[in-house]
Colleague: 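Sending over a structure as structure tokens; questions will come in a sec.
As the structure lists them, so they are numbered: ligands from 1, and atoms in each ligand from 1. The figures here come from the full heavy-atom set of this structure, side chains too, leaving out hydrogens, waters and symmetry mates.
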Amino acid sequence: MKEIKHYINGAYVGSASGRLFDNINPANGRVLSKVHEAGREEVDAAVRAARAALKGPWGRMSVEERTAILHRVADGITARFDEFLEAECLDTGKPRSLASHIDIPRGAANFKVFADLVKNVAAEAFEMATPDGAGALNYAVRRPKGVIGVISPWNLPLLLMTWKVGPALACGNTVVVKPSEETPTTTALLGEVMQQAGVPDGVYNVVHGFGGNSAGAFLTEHPDVDAYTFTGETGTGETIMKAAANGVRQVSLELGGKNAGIVFADCDMDKAIEGTLRSAFANCGQVCLGTERVYVQRPIFDEFVARLKAGAEQLVLGPPDDATSNFGPLISLKHREKVLSYYQKAVEDGATVITGGGVPDMPAELAHGAWVQPTIWTGLKDDSAVVTEEIFGPCCHVRPFDSEEEAVALANSLPYGLASAIWTENVTRAHRVAGQLEAGIVWVNSWFLRDLRTAFGGSKQSGIGREGGVHSLEFYTEMKNICVKL
Ligand SMILES: NC(=O)c1ccc[n+]([C@@H]2O[C@H](COP(=O)([O-])OP(=O)(O)OC[C@H]3O[C@@H](n4cnc5c(N)ncnc54)[C@H](O)[C@@H]3O)[C@@H](O)[C@H]2O)c1
Ligand SMILES: O=C/C=C/C=C(\O)C(=O)O
């Protein structure tokens with residue numbers, strides 16, 4: 001059976017403890033590989049390697065050399081596209097059509113975009129007056145923040161990990177990555193690409209394991225890491241923030257959401273249905289930006305629900321290697337238990353189940369996979385846990401509204417604030433509502449349309465900080481002001 005090892009200081013190494021855990025294929029429940037679980041010893045070795053690399057050739061390299069290497073990393077991912085695709089689809093069960101259009105190309109783009117960006121961003125300068133009339137000149141320079149701890153989730157493994165590693169390395173930092181225990185393979189494979197691209201040893205390190213009392217906690221408790229960038233659940237973000245408080249380390253947190261879609265009666269119904277179907281069901285609903293609350297203006301409510309139901313019922317469930325399928329399993333049986341507990345709660349709370357609500361019948365070879373039905377409810381009260389808590393499954397609750405004010409108040413009513421989607425053909429309304437929504441990202445007549453130069457992140461309990469474009473530089477560099485008296 002294949003083993004997945006840590007990647008530390010340019011070499012693949014196993015755990016001293018010899019502890020291994022199973023990497024399961026969620027489509028059929030079979031073990032794909034055995035993964036080494038890092039103890040404090042491996043995490044410490046990875047952090048030491050990252051610290052040494054910062055002081056070594058990486059730290060002394062010109063921006064031109066560094067960014068040329070990162071372009072080679074991107075090209076290396078593209079050259080091994082099929083291997084990355086296969087690995088990502090086996091670990092997650094997601095359809096190839098999805099991973100080949102989103103996950104893997106974005107993995108490569110995340111290195112190119114930030115390599116190009118750091119070459120072209122100027123820093124600030126201020127001339128100032130002084131009492132003697134000679135004046136002084138202030139100018140800023142950016143320096144790498146140091147060793148960055150990267151902790152990533154399982155829903156878009158390569159995409160979300162490289163979204164952090166790309167800018168971190170472009171800015172001259174070194175990294176220790178702890179990928180999700182559910183999806184270790186592409187993060188491990190990237191080590192080979194890094195090596196072939198000429199990334200010096202110790203710049204990119206990977207340790208595998210779980211969160212609490214395992215590699216994740218050992219990394220966030222390690223005193224020699226300068227900052228942490230994390231994507232995952234809000235509760236985990238709180239834990240990491242507490243650990244990072246020791247030694248006053250900075251955090252960038254991309255956390256959970258309970259995102260609202262607002263569909264006005266003046267929308268283009270075809271676009272609104274297509275976009276809402278994608279935002280609720282893509283990646284089996286396991287997208288942080290996904291829509292789990294849909295508010296629809298009353299005159300079109302019945303038609304919208306009927307068309308959404310028809311769309312959901314046309315989704316084709318199947319494993320990644322089935323070219324006709326566009327809907328995969330959840331990440332694990334454990335996650336399915338959580339999702340199904342909300343399916344049950346919805347019924348207990350009096351929901352009308354428009355479609356789905358349970359486990360689909362799958363052929364025998366997939367019977368042990370983490371399959372669930374795409375599910376739509378109506379009729380829940382606004383305070384039902386199904387409507388207020390992030391489920392992270394292929395489901396949404398649809399509720400009618402009457403006025404624009406009501407829709408904005410409903411959308412803003414939760415402690416989350418990651419993303420929203422507005423569907424309307426009235427351009428004035430679109431701008432007016434977008435300006436009032438408490439969310440880091442608002443899409444108008446679209447969903448998950450991403451320009452990597454833009455600020456990405458959540459408000460309220462959906463996160464701290466923004467990454468993307470120049471905003472990544474704020475986190476991955478230390479800006480230093482130099483004041484010269486003339
Ligand atoms: N805002 C965003 O950009 C964004 C993007 C994707 C996913 N998410 C969120 O991520 C969640 C789904 O991902 P998940 O289930 O992998 O999240 P998670 O918080 O369970 O795990 C994320 C990572 O943190 C690690 N971890 C867990 N406990 C830890 C601890 N105590 N110390 C250190 N590390 C720890 C895990 O091993 C994993 O690598 C959802 O809530 C989703 O909304 C947010
Ligand atoms: O599941 C969350 C998806 C996040 C997407 C991004 O971080 C991105 O597109 O940069």
Side-chain angles (χ1 to χ4, degrees), residues 21 35 37-38 43 92 102-103 105-107 109-110 113-114 149-164 166-167 177-184 187 206-222 225 228-244 251-259 279 282-283 285-290 292 330-332 334-335 338-339 389-393 416-419 439-441 447-469 471-472:
F21 61 93
V35 189
E37 182 182 357
V43 172
T92 59
I102 297 189
D103 302 65
R106 261 296 297 281
N110 285 338
V113 164
F114 292 103
V150 177
I151 298 168
S152 47
W154 43 258
N155 60 331
L156 303 162
L158 183 74
L159 186 160
L160 291 171
M161 181 269 296
T162 54
W163 174 239
K164 299 168 178 307
V177 184
K178 209 298 282 172
S180 169
E181 56 275 23
E182 307 281 3
T183 53
T187 305
V206 181
V207 288
H208 299 287
F210 301 87
N213 198 30
S214 182
F218 302 153
L219 182 59
T220 53
E221 288 162 10
H222 198 292
V225 176
Y228 294 97
T229 174
F230 167 75
T231 297
E233 286 179 11
T234 295
T236 313
E238 286 176 340
T239 305
I240 290 176
M241 206 173 165
K242 284 177 193 152
V251 289
S252 174
L253 303 177
E254 308 276 10
L255 307 177
K258 184 74 180 178
N259 309 303
S279 71
N283 209 36
Q286 304 164 117
V287 182
C288 58
L289 309 160
E292 289 190 357
L330 291 168
I331 191 65
S332 64
K334 185 165 161 245
H335 187 50
K338 176 182 161 183
V339 171
E389 296 174 10
E390 182 184 53
I391 300 170
F392 220 56
Y416 289 117
L418 188 54
I441 302 149
W447 179 75
F448 210 167
L449 192 55
R450 295 276 295 113
D451 182 322
L452 306 191
R453 296 167 298 184
T454 60
F456 180 94
S459 59
K460 303 202 273 187
Q461 291 180 22
S462 290
I464 293 187
R466 293 291 180 271
E467 298 195 26
H471 311 286
S472 289

Colleague: For a side-chain contact (heavy atoms from CB on, under 4.5 Å) check, start with the C-alpha distance between Ser332 and Glu182, then their side-chain angles and the critical distance, and finish with the verdict.
Modeller: CA-CA 8 Å; Ser332 64; Glu182 307 281 3; 4.0 Å; yes
Colleague: Purely on distance, is any nitrogen or oxygen of Cys288 under 3.5 Å from one on ligand 2?
Modeller: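 N/O-N/O distance below 3.5 Å exists for this pair.
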Colleague: When you look for heavy atoms under 4.0 Å from ligand 2, do you find them on the side chain of Leu452, its backbone, both, or neither?
Modeller: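 Leu452 to ligand 2: no contact under 4.0 Å from either part.
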Colleague: If you count the non-hydrogen atoms of other residues, nucleotides and ligands that lie under 6.0 Å from NZ in Lys334, is the total more than 12?
Modeller: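 12 or below, so no.
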Colleague: Using a strict cut-off of 4.0 Å, indicate which atoms of ligand 2 neighbour a heavy atom of Arg450.
Modeller: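 Reading through ligand 2 atom by atom, the close ones are 8 (C), 9 (O), 10 (O).
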Colleague: Taking atom types as modelled, find out whether Thr231 and Lys164 have a side-chain donor-acceptor pair closer than 3.5 angstrom.
Modeller: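 Yes, because at least one side-chain N or O of Thr231 sits under 3.5 Å from a partner of the opposite role on Lys164.
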Colleague: Would you check ligand 1 and list the protein residues that come within less than 4.0 Å of it by any heavy atom, ordered by chain and number?
Modeller: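 Within the 4.0 Å shell of ligand 1, which is judged on heavy atoms, sit Ile151, Ser152, Pro153, Trp154, Asn155, Leu160, Lys178, Pro179, Ser180, Glu181, Phe210, Gly211, Gly212, Gly216, Ala217, Phe230, Thr231, Gly232, Glu233, Thr236, Thr239, Ile240, Glu254, Leu255, Gly256, Cys288, Glu390, Phe392, Leu418, Phe456.
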Colleague: Quick one: look at Thr231 and ligand 2, take heavy-atom pairs under 4.0 Å, and tell me if it's side chain, backbone, both or neither.
Modeller: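 Under 4.0 Å from ligand 2, Thr231 contributes no heavy atoms.
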Colleague: Heavy-atom count check: over 12 atoms from other residues, nucleotides or ligands less than 6.0 Å from Asp451 CG?
Modeller: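 Result for CG/Asp451: enclosed.
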Colleague: In ligand 2, which numbered atoms sit nearer than 4.0 Å to a non-hydrogen atom of Leu160?
Modeller: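 Under 4.0 Å from Leu160, ligand 2 has these atoms: 4 (C), 5 (C), 6 (C), 7 (O).
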Colleague: Classify the angle between the aromatic ring planes of His335 and Phe392 as parallel (below 30°), tilted (30 to 60°) or perpendicular (above 60°).
Modeller: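 If you compare the ring of His335 with that of Phe392, the planes turn out perpendicular.
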Colleague: How far does OH of Tyr228 sit from CG of Leu219, to the nearest 0.5 angstrom?
Modeller: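 Nearest 0.5 Å value for the OH-CG distance: 5.0 Å.
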Colleague: Between Glu292 and Lys258, does any side-chain N to carboxylate O distance fall below 4.0 Å?
Modeller: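 Yes, charged N to carboxylate O under 4.0 Å.
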Colleague: Using a strict 4.0 Å cut-off to heavy atoms of Val287, name the atoms of ligand 2 that fall inside it.
Modeller: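 Ligand 2 atoms under the 4.0 Å threshold to Val287: 1 (O).
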Colleague: Under 4.0 angstrom from ligand 2, any heavy atom of Arg106?
Modeller: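 In this structure, Arg106 qualifies as a contact of ligand 2 - some heavy atom is under 4.0 Å.
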Colleague: Between Gly209 and Ala215, which heavy-atom pair has the shortest distance, and what is it?
Modeller: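 Reported closest heavy-atom pair: CA-CB, 3.9 Å.
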Colleague: For Asn155, take its heavy atoms, then give the atoms of ligand 2 lying under 4.0 Å from any of them.
Modeller: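 Per the distance check, 1 (O), 2 (C).
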Colleague: Testing the basics here: between Asn155 and Asp103, what is the closest heavy-atom pair and its distance to 0.1 Å?
Modeller: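 In terms of heavy atoms, the two residues are closest at O-OD2, 4.5 Å.
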Colleague: Evaluating non-hydrogen atoms only, which member of Phe456, Phe392, Trp163 is closest to atom 5 (C) of ligand 2?
Modeller: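 Going through Phe456, Phe392, Trp163 one by one, Phe456 has the nearest heavy atom to atom 5 (C) of ligand 2.
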